[in-house]
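Notes for the one structure printed next.
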Amino acid sequence: MTSALPNLSQESVWREHEPLATKTTMRVGGAARFYCEPATEDDLGSILMWTKELGLDWFVLGRGANVIVPDEGYSGLIIRLTHPHWRQIFMLDDSSLYCASGVRLQQLSAEACRLGWSGFEFLEGIPGTLGGALRMNAGAMGGWMLDRVLSVRLMSPDGSVTELQRSQLQGNYRSCPELKGVIALSALLAPAQLENPDCIRARIQEFTQRRKSSQPREASAGCLFKNPEGDHAGRLIDNAGLKGLQCGQASVSGVHANFVVNAGSATSAELIELIRKIRQEVFASTGKWLEPEALLLGKNWEDVL
Ligand SMILES: Cc1cc2nc3c(=O)[nH]c(=O)nc-3n(C[C@H](O)[C@H](O)[C@H](O)COP(=O)(O)OP(=O)(O)OC[C@H]3O[C@@H](n4cnc5c(N)ncnc54)[C@H](O)[C@@H]3O)c2cc1C
């Protein structure tokens with residue numbers, strides 16, 4: 001297989017058997033068979049064509065804040081948009097902000113505040129990149145990522161680039177289906193309204209305080225389960241008496257029951273076992289199956305739960 005490696009520019013990073021645990025916030029799991037940090041759109045297109053020719057699976061990993069890596073790793077290609085090319089953020093004109101997909105959400109929130117743009121405050125404290133936040137339609141404190149979007153440029157698996165307007169994107173709860181199986185390259189963003197940066201900063205600080213008092217500090221993938229219609233997964237897990245439940249080094253946080261945390265050296269197998277137990281206990285007490293929000297790299301939850 002090595003003789004057929006894609007031809008990339010010198011600035012791109014290419015590695016094999018690359019450990020992934022430290023590239024996610026949950027910090028578990030094995031290595032990727034192939035790993036690439038493309039430096040340009042051309043390089044990204046080349047590696048997508050390469051995977052297509054080989055029939056190899058690929059996955060674009062942002063900050064890995066919503067992804068659990070299995071212990072056996074990933075047999076395909078992991079793509080990360082970490083090169084400075086994917087971290088550009090600048091005003092295009094006086095009404096839209098160009099933001100590349102690798103920009104961290106915290107940076108985006110800070111930049112919007114500096115511009116006096118409200119509507120991005122909720123991003124403070126959500127670990128991740130713009131690409132992951134678009135795909136997941138990340139949301140908090142009443143704000144949603146897609147609400148700030150004018151358009152998204154994306155690359156399809158055949159390397160072609162298109163632009164979708166906001167009206168062509170569905171903003172579902174924790175999902176933007178049009179971005180499944182493609183790579184968001186960048187987005188044009190707009191404010192909710194213009195406001196004094198000091199007022200925006202005050203809201204950011206308030207949100208930060210709220211998070212600090214309600215979320216655990218240990219490694220996690222954020223809220224592990226989606227909230228069922230009209231309810232909160234954390235409330236159901238707490239009511240089932242599961243706070244503190246442990247499987248090896250993985251446990252249900254005592255601070256927020258919808259956070260499963262890694263005490264340090266948890267394995268993916270321990271996490272999955274814990275997730276299975278939580279679902280079964282909650283089903284036994286409520287008749288509702290909780291659906292994971294976090295993704296299991298390269299697998300379907302139905303196959304392991
Ligand atoms: C402590 C903590 C708190 C959290 N709080 C919140 C919260 O309040 N609200 C919330 O919504 N989420 C929250 N999360 C979850 C997570 O931060 C968000 O889902 C975030 O948007 C994930 O971004 P990411 O870059 O890490 O994406 P990843 O986790 O790396 O990937 C998530 C998905 O996005 C896809 N993706 C990544 N980049 C791209 C791209 N360029 N193009 C297309 N698809 C892409 C991946 O393939 C994957 O399917 C929290 C997580 C943690 C650990």
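Bear in mind that the values here come from a model prediction, so they are computed numbers and not experimental data. Atoms within each ligand, like the ligands themselves, are counted from 1 in listed order.
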Please check if atom NE2 in H232 has more than 12 non-hydrogen atoms from other residues, nucleotides or ligands closer than 6.0 Å.
no
Does atom CD (E11) have a neighbourhood of more than 12 heavy atoms from anything else shown, all under 6.0 Å?
no
Is there a side chain to side chain donor-acceptor pair (under 3.5 Å) between D158 and S156 once you walk through the steps?
CA-CA 5 Å; D158 64 1; S156 299; 4.5 Å; no
Taking the six-membered ring of Y74, is the NZ or CZ of K299 close enough (under 6.0 Å from the centre) and on axis enough (within 45°)?
no
Top protein contact for [atom], by heavy-atom distance:
atom                    : value
atom 53 (C) of ligand 1 : G222 N, 3.2 Å
atom 35 (C) of ligand 1 : R135 CG, 3.5 Å
atom 42 (N) of ligand 1 : A184 N, 2.8 Å
atom 3 (C) of ligand 1  : P127 CD, 3.6 Å
atom 31 (O) of ligand 1 : V67 CG2, 3.7 Å
atom 14 (N) of ligand 1 : I126 CG2, 4.1 Å

Taking the side chain as every heavy atom from C-beta outward, state whether P38 and L81 have any pair of such atoms under 4.5 Å apart.
yes
Is the shortest heavy-atom distance from the side chain of D231 to the side chain of L236 under 4.5 Å?
yes
Atoms in ligand 1 flagged as close to [X], the criterion being non-hydrogen separation under 4.0 Å:
X    : result
A140 : 8 (O)
G128 : 23 (O), 24 (P), 25 (O), 26 (O)
I183 : 42 (N)
S101 : 41 (N)
A138 : 11 (O), 21 (O)
G132 : 21 (O), 23 (O), 24 (P), 25 (O), 27 (O), 34 (O), 36 (N), 37 (C), 38 (N), 39 (C)
A221 : 51 (C), 52 (C), 53 (C)
L295 : 33 (C), 48 (C), 49 (O)

I want to know if ligand 1 touches [X] in the polar sense, i.e. an N/O pair below 3.5 angstrom.
X    : value
G64  : yes
R63  : yes
G62  : yes
G139 : yes

State whether the side chain of [X] and the backbone N or O of [Y] hold a donor-acceptor pair below 3.5 Å, judged by distance alone.
X    : Y    : result
E270 : Q249 : yes
Q88  : H85  : yes
W86  : T40  : no

So, using side-chain contact (heavy atoms from CB on, under 4.5 Å) as the criterion, who are the partners of S175 when residues are at least two apart?
R135, N172, P177
Is it the side chain (CB and beyond), the backbone, both or neither of A65 that lies under 4.0 Å from ligand 1, heavy atoms counted?
both
Please work out, at 4.0 Å between heavy atoms, whether the side chain, the backbone, both, or neither of V60 comes within that distance of ligand 1.
both
Residue of the set W58, W50, F59 for which ring pair (Phe, Tyr, Trp, His ring centres under 6.0 Å) holds with F34
W50
Atom CD in E273, atom SG in C247: separation rounded to 0.5 Å?
4.0 Å
Min heavy-atom dist R174 to ligand 1 below 4.0 Å
yes
Look at ligand 1 and say whether V182 reaches it with a heavy atom at a distance under 4.0 Å.
yes
To which of [options] does the heavy atom nearest [atom] belong?
atom                    : options                : value
atom 19 (O) of ligand 1 : R211, M145, M136       : M136
atom 39 (C) of ligand 1 : G131, A133, S220, G125 : G131
atom 25 (O) of ligand 1 : T129, N66, L123        : T129

Can you find a side-chain donor-acceptor pair between Q170 and E178 that sits under 3.5 Å?
yes
Distance alone, cut at 3.5 Å: any donor-acceptor contact between the side chains of S151 and Q165?
no
Apart from Y173 itself, residues in the same hydrophobic cluster as defined by side-chain heavy atoms under 4.5 Å
W144
